[in-house]
*Asks:* 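Pasting in a structure now, in structure tokens, and then I'll have a few things to ask.
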Amino acid sequence: MNLHEYQSKRIFSEYGIPVPPGKIAASGPEAVAACRELDGPVWVVKAQVHAGGRGKAGGVKLCRSEKEVGVAAAAMLGQRLVTKQTGAEGLPVNLVYVESGSAIERELYLSLLLNRERGRIAFVASAAGGMDIEAVAAHEPERILRADIDPAAGLQGYQCRRMAFSLGLAGDQVAAFERIARSLYRLYLEKDLGLIEINPLIVTRDGRLVALDAKINAEANALYRQPALVELRDPSQEDAMERAASEHDLNYVSLDGNIACMVNGAGLAMATMDLIKLHGGAPANFLDVGGTATAERVTAAFRLVLSNERVRAVLVNIFGGIVRCDVIAEGIVQAVRQVGVTVPVIVRLEGTNADRARKILSASKLAITAAKDLTDAATKAVRSASRAARR
């Protein structure tokens, strides 16, 4: 779960991490009132969306008067901001963050995340702050610094100092960097986070270190322990179908194709989508119904995938291990009858009670096409979607 910049900065302040003063606004007049309470003569108006690349997309404006602040805020609010991370539809701008301008001497990059290869939390830093860190890593990997943290020992002082020196910090800045790093590490652990990113972490002209931007991603599986973070959730920034899927414990990701996929197991779901692409089709989603799928969950999954107007066929690919195929077949029949499916449904079932499952599907007298294997299923789904699209 992502947080907005203004929410992240409030949390930073609670942990003693320095940020510029700022205020949120929902209208042009509110933005002007906010800048009057903040030090000038320069202010920055930032669109609050869950995406990076705002500056290049017109979502960050430097203003030198109250009038400019009001105009910038009014131009952003109520619009959809399209960045390289949002997709073509963009994200709605419901709030802007008005912030006092900063005298920037240098821009650094600092983040804290899980290093899955080593199974440890890691700091990632670079002197190339304010830039696309992925591009820096790809073209100038020597500029990326990393410090993996031993979970038994925790963050060590020498790791902080080594990063600070490598970033070109000196004197009091080294101690300030260590305070920020330790606060970020404590925040990461206490709030069950998946990512903290500061890009840029600036060095001001008077030598201070300030988090000019802030990004926090909370681990979704730990939100039950973080009720205060749950209250900060902004549904307007989330895909509506992905949000509906989470309410039924379904793992769902929207894609751009027209063949809906319903699979149990993430690996099998990836293989199913690959085969659809291989045979000339395009998946409309990733959907893992889980190893303990029930008839009710399958029905919910059908309702979910069919709410996508682009869907022209549904491919169900179930391997019955933990869950029996006959249970899934009953769920499919129930779902097709209840939901009123009007697109072709292709089903491939293998595993426990697969033969019984096929008999259930056949006896239903519904327009459900059985497939003998995954390749057959993918081929039939692509063919059916293609025919439906031409009508």
Side-chain angles (χ1 to χ4, degrees), residues 1-3 7-19 52 106-203 208-230 232 266:
M1 184 189 82
N2 291 317
L3 301 186
Q7 296 168 328
S8 299
K9 284 184 172 176
R10 284 178 182 174
I11 295 175
F12 276 15
S13 295
E14 294 171 5
Y15 278 76
I17 301 166
V19 298
R106 294 179 57 211
E107 296 186 348
L108 311 173
Y109 174 90
L110 185 63
S111 66
L112 189 58
L113 69 165
L114 177 63
N115 180 345
R116 297 186 182 277
E117 292 182 358
R118 300 199 62 191
R120 294 188 174 187
I121 297 170
F123 270 102
V124 176
S126 177
M131 299 173 61
D132 184 342
I133 198 64
E134 289 82 6
V136 175
H139 303 294
E140 300 177 277
E142 70 280 359
R143 302 186 72 181
I144 302 295
L145 312 171
R146 191 183 74 191
D148 294 322
I149 303 170
D150 188 314
L155 179 63
Q156 298 295 295
Y158 80 87
Q159 293 177 303
C160 298
R161 292 189 291 274
R162 180 180 294 171
M163 282 191 291
F165 293 143
S166 297
L167 291 171
L169 303 177
D172 293 341
Q173 294 172 351
V174 176
F177 181 86
E178 181 171 352
R179 287 193 296 272
I180 290 173
R182 290 190 179 279
S183 294
L184 289 173
Y185 184 58
R186 182 166 62 91
L187 167 60
Y188 190 96
L189 295 179
E190 292 180 357
K191 298 295 186 181
D192 292 311
L193 303 183
L195 170 72
I196 304 176
E197 184 178 69
I198 305 175
N199 189 23
L201 172 68
I202 64 168
V203 180
R208 295 178 297 111
L209 269 63
V210 178
L212 195 62
D213 197 7
K215 179 179 180 180
I216 287 178
N217 176 276
E219 172 54 54
N221 292 320
L223 287 177
Y224 71 95
R225 299 193 302 211
Q226 302 292 342
L229 289 184
V230 173
L232 301 179

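FYI, the numbering just counts along the sequence from 1.
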*Asks:* Calculate, to the nearest 0.5 Å, the distance between atoms CG and CZ belonging to L201 and R106 respectively.
*Replies:* 10.0 Å
*Asks:* Could you pull out every donor-acceptor pair under 3.5 Å between side chains of residues 157-167 and any protein atom, sequence neighbours left out?
*Replies:*
residue, atom, partner, partner atom, Å
Q159, OE1, Q156, N, 3.0
Q159, NE2, D148, O, 2.8
S166, OG, R162, O, 2.8

*Asks:* Sequence neighbours left out, what passes salt bridge (Lys or Arg N to Asp or Glu O under 4.0 Å) with E190? Give chain and number order.
*Replies:* R186
*Asks:* Does K9 use its side chain to pair, donor to acceptor, with the backbone of L212 at less than 3.5 Å?
*Replies:* yes
*Asks:* Start with the C-alpha gap between F123 and L155, add the side-chain angles, then the distance that decides, and say whether side chain to side chain contact (heavy atoms under 4.5 Å, CB included) holds.
*Replies:* CA-CA 10 Å; F123 270 102; L155 179 63; 3.8 Å; yes
*Asks:* Take L229 and D192 through the test side chain to side chain contact (heavy atoms under 4.5 Å, CB included) and record every step on the way to the result.
*Replies:* CA-CA 10 Å; L229 289 184; D192 292 311; over 6 Å; no
*Asks:* Quick one: are I144 and Y109 in side-chain contact, heavy atoms under 4.5 Å?
*Replies:* no
*Asks:* Once you round to the nearest 0.5 Å, how far does OH of Y188 lie from CD1 of I121?
*Replies:* 5.0 Å
*Asks:* Please report the closest heavy-atom contact between G154 and I149, naming both atoms and the distance.
*Replies:* C-CG2, 3.4 Å
*Asks:* I need the minimum non-hydrogen distance between G119 and L114, along with the two atoms involved.
*Replies:* C-CD1, 4.3 Å
*Asks:* How far apart are the closest heavy atoms of V136 and A128, and which atoms are they?
*Replies:* CG2-CB, 4.0 Å
*Asks:* Side chains of I216 and Q7: does their closest heavy-atom pair fall under 4.5 Å?
*Replies:* no
*Asks:* Tell me which one of L113, L110, L112 satisfies side chain to side chain contact (heavy atoms under 4.5 Å, CB included) with V124.
*Replies:* L113
*Asks:* Show the nearest heavy-atom pair for residues V174 and L169, with the distance to one decimal.
*Replies:* CG2-O, 3.8 Å
*Asks:* Measure the spacing between CG of N199 and NZ of K215 and express it to the nearest 0.5 Å.
*Replies:* 10.0 Å
*Asks:* Salt bridge or not between R10 and E14? Use side-chain N to carboxylate O under 4.0 Å.
*Replies:* no
*Asks:* Within a 6.0 Å radius of atom CD on E117, are there more than 12 heavy atoms belonging to other residues, nucleotides or ligands?
*Replies:* no
*Asks:* Could you point out which residue of V203, I198, I202 forms a side chain to side chain contact (heavy atoms under 4.5 Å, CB included) with P200?
*Replies:* I202
*Asks:* Could you pull out the closest heavy-atom pair between F12 and D213, with the gap in Å?
*Replies:* CE2-O, 4.4 Å
*Asks:* With rounding to the nearest 0.5 angstrom, report the CE to CG distance, M1 to L193.
*Replies:* 9.5 Å
*Asks:* Which distance, rounded to the nearest 0.5 Å, do you find between the CD1 of I17 and the CD1 of I196?
*Replies:* 6.5 Å
*Asks:* Would R118 and R146 satisfy side chain to side chain contact (heavy atoms under 4.5 Å, CB included), going step by step from the backbone distance to the final call?
*Replies:* CA-CA 12 Å; R118 300 199 62 191; R146 191 183 74 191; 4.2 Å; yes
*Asks:* For a quick test of reading the model, state the closest non-hydrogen atom pair linking P18 to L209 and the distance between them.
*Replies:* CG-O, 3.0 Å
*Asks:* Step by step, would you call V230 with Y224 a side chain to side chain contact (heavy atoms under 4.5 Å, CB included)?
*Replies:* CA-CA 8 Å; V230 173; Y224 71 95; over 6 Å; no
*Asks:* Would you confirm whether S183, through its side chain, and Y15, through its main-chain N or O, come within 3.5 Å as a donor-acceptor pair?
*Replies:* yes
